[in-house]
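When a residue number appears, it is its place in the shown sequence, counting from 1. The figures here come from the full heavy-atom set of this structure, side chains too, leaving out hydrogens, waters and symmetry mates.
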Amino acid sequence: MPELLASSVEVLAEFARSDAGPVAAPDWHATLSVQMAHILIGVTLALYRAPFLLVLAVFVGWIAKEFLGDIPNADGAFPVVADSVADLCFGGLGYLIAKSKLERKTNDES
């Protein structure tokens, strides 16, 4: 059981680390891949027609993760703050694009 707890703590610590942290900036391919993953989080919420309160809870949790994990762990460095804002914007963009496409398709079928 202590090994499971230690592994869980390591996984959570990895989630509280920014892509633009104190280490050198990742290459363009890694950055693009990470932002596409953030877009897909939003798209997934829209495609599964998640209730608005669930979407809100996910984004509030995500904001908390960014502002209580990534940014403090990098001592509030500007690249990390910018990365956190970009992460949230790309997630929201994915949700809004997928949601609008689904609503347009639903309206077209009516």
Side-chain angles (χ1 to χ4, degrees):
M1 191 65 163
E3 292 139 7
L4 176 63
L5 181 60
S7 297
S8 300
V9 169
E10 286 179 30
V11 168
L12 290 174
E14 186 63 26
F15 279 121
R17 181 187 62 81
S18 175
D19 302 323
V23 296
D27 60 8
W28 70 269
H29 185 266
T31 301
L32 181 63
S33 299
V34 168
Q35 295 308 344
M36 288 301 294
H38 292 130
I39 289 172
L40 288 175
I41 291 170
V43 168
T44 302
L45 289 170
L47 288 178
Y48 283 104
R49 301 181 194 277
F52 179 73
L53 287 178
L54 177 60
V55 173
L56 187 63
V58 167
F59 276 97
V60 166
W62 194 352
I63 290 168
K65 177 254 185 207
E66 295 292 340
F67 285 94
L68 300 176
D70 291 5
I71 294 172
N73 285 342
D75 295 326
F78 177 74
V80 176
V81 173
D83 176 63
S84 293
V85 170
D87 293 350
L88 293 165
C89 288
F90 277 105
L93 181 67
Y95 179 78
L96 292 174
I97 289 171
K99 186 78 170 170
S100 68
K101 293 287 186 184
L102 285 171
E103 287 177 1
R104 187 177 309 153
K105 183 176 179 180
T106 303
N107 291 337
D108 290 345
E109 291 174 356
S110 300

From [X] [atom1] over to [Y] [atom2], what is the distance, rounded to the nearest 0.5 angstrom?
X	Y	atom1	atom2	result
K65	S84	NZ	OG	6.5 Å
D108	E103	CG	CD	12.0 Å
L93	Q35	CG	CD	10.5 Å
F59	I41	CZ	CD1	8.0 Å

Side-chain donor/acceptor pairs under 3.5 Å, residues 94-102, sequence neighbours excluded:
{"residue": "S100", "atom": "OG", "partner": "L96", "partner atom": "O", "Å": "3.2"}
{"residue": "S100", "atom": "OG", "partner": "I97", "partner atom": "O", "Å": "2.9"}

**Under 3.5 Å: donor-acceptor pair, side chain of N73, backbone of G69** = yes

**Any residue meeting side-chain contact (heavy atoms from CB on, under 4.5 Å) with A57, in chain and number order, not counting sequence neighbours** = none

**Complete:** Applying side-chain contact (heavy atoms from CB on, under 4.5 Å) to A37 and not counting sequence neighbours gives none

**Request:** Could you note down all residue pairs passing side-chain hydrogen bond (donor to acceptor under 3.5 Å, both in side chains) where residues 44-62 supplies at least one of them, sequence neighbours left out?
**Result:** W62-E66

**Item:** Nearest atoms (heavy-atom pairs only) where V80 meets D70
**Value:** CG1-O, 3.7 Å

**Nearest non-hydrogen partners of V81 and G76, listed with the distance** = CG2-O, 3.9 Å

**Cluster check V43, L56: I/L/V/M/F/W/Y, side chain < 4.5 angstrom** = no

